[in-house]
Amino acid sequence: MKIKSKLLIIAGSDSSGGAGIQADIKTMTSLGSYAMTAITALTTQNTTGVLSVIKIPSKEISKQIEYTSKDIKPDAIKIGMLHSADVIEAVSKSLKKIKAKKIILDPVMVTSTGVKLINRNAIIKIKKHFIKKVELITPNIPEAEILANIKIMTIDDMIYASQKLINMGAKNVLLKGGHLKTKIITDIFVNKKEIKIFRNKKIPTKNLHGTGCSLSSAIATYFSCGKTLKKSCELAINYVNHSIKTSPNYGKGNGPINHLVSFKLDKKYL
Ligand code: PLP
């Protein structure tokens with residue numbers, strides 16, 4: 001199989017392998033692309049929760065971005081956990097230096113088990129500056145509530161919040177509706193010109209660890225290969241849905257999804 005594109009991931013490491021950088025690499029690899037990394041934090045966790053978080057200094061994050069990209073230029077960039085305003089500033093500068101295009105930001109704030117992964121100043125910085133600098137943001141409902149400063153209870157609230165984020169300067173928004181208590185999951189893609197609503201049946205499962213990371217990585221991968229953002233969102237939602245359906249059910253808690261669902265190994269390697 002020929003490698004289709006090259007991507008850089010700027011995100012935190014998840015020792016359990018289900019979310020963070022590990023989920024990003026698995027997603028991009030299984031969709032046929034080459035993944036490089038700039039690690040922003042080291043989290044120790046398993047499917048039942050987070051034990052500790054070690055933050056990588058901004059200077060080291062910038063070095064990883066710049067030194068890596070100087071040699072192998074990424075076709076797209078996926079950003080996940082940025083824990084402080086300092087880090088956001090440093091990442092912003094580095095992205096400018098490497099003339100990065102096609103940046104997808106998953107504004108990661110808390111884990112699915114409720115552990116905060118970034119501080120208050122970081123949230124302010126993402127809201128006021130960073131959302132304008134990227135091609136797409138992919139908040140879930142709790143993140144969109146914080147960014148748009150409204151309570152989201154219905155699909156109409158989701159539409160209003162995503163349009164508010166566009167008015168605040170975001171270029172494109174994919175607002176993920178998985179947190180609403182509905183049988184059908186609604187994800188909303190918006191920009192200044194269009195709105196597209198994706199509807200999918202909710203899959204009853206306890207295994208959703210890393211779905212946000214995997215979704216934004218899949219979008220970045222399709223986008224890096226030349227698909228439009230809207231099409232990339234549609235394909236990525238489909239990939240994550242299939243990965244959830246075929247989850248291996250590992251661990252006692254919120255288990256990982258099956259990143260290999262797209263993978264077809266040639267017989268000669270088996
Ligand atoms: N990034 C890291 C390093 C994490 O550990 C987590 C959650 O555990 C996330 C991001 C967010 O994960 P999810 O895709 O489940 O929202």
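Only a predicted model underlies this, so the values are computations on that prediction, with no experimental measurement involved. Any value given below was found using the heavy atoms of this structure, including those in side chains, with hydrogens, waters and symmetry copies removed. Just so you know, ligand 1 is whichever comes first in the structure, and atom 1 is the first atom listed for that ligand.
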remark   = So the atoms of ligand 1 within less than 4.0 Å of a heavy atom of Thr211 turn out to be 14 (O), 15 (O)
Which atom of Ser232 lies closest to which atom of Phe223, heavy atoms considered = OG-N, 3.3 Å
message = Measuring from non-hydrogen atoms of Gly210 to any atom of ligand 1, is the shortest distance under 4.0 Å?
response = yes
request  = Examine Gly212 against ligand 1 and note whether any of their N/O atoms are separated by less than 3.5 Å.
outcome  = yes
inquiry  = Evaluate Asp14 for polar contact with ligand 1, using N/O atom pairs at a separation under 3.5 Å.
reply    = no
inquiry  = Using a 6.0 Å cut-off, check whether atom CD1 of Ile54 has over 12 heavy atoms from anything other than its own residue.
reply    = no
remark   = Contacts of Lys245 meeting salt bridge (charged side-chain N to carboxylate O under 4.0 Å, His left out) (sequence neighbours excluded), chain-then-number -> none
request  = Number the atoms of ligand 1 from 1 as they appear, then name those within less than 4.0 Å of a heavy atom of Gly12, with their elements.
outcome  = 3 (C)
query = For Cys213, is at least one N or O under 3.5 Å away from an N or O on ligand 1?
reply = yes
message = Less than 4.5 Å apart, side chain to side chain, heavy atoms only: is that true for Ile244 and Asn258?
response = no
ask   = Which of the listed options, Met81, Gln22, Met109, Gln45, holds the heavy atom that is closest to atom 4 (C) of ligand 1?
value = Gln45
query = Looking only at non-hydrogen atoms, which of Leu117, Thr44, Leu42 approaches atom 6 (C) of ligand 1 most closely?
reply = Leu117
key: N-O pairing of Lys97 and Glu66 below 4.0 Å   = yes
Minimum side-chain heavy-atom gap Ile21-Asp14 below 4.5 Å = no
Using residues 175-184 as the side-chain source, report each donor-acceptor pair under 3.5 Å to any protein atom, sequence neighbours left out, with the distance given to one decimal.
from   : atom 1 : to     : atom 2 : distance (Å)
Lys176 : NZ     : Thr138 : O      : 3.0
Thr182 : OG1    : Ile184 : O      : 2.8

ask   = Is the closest N or O pair between Val108 and ligand 1 shorter than 3.5 Å?
value = no
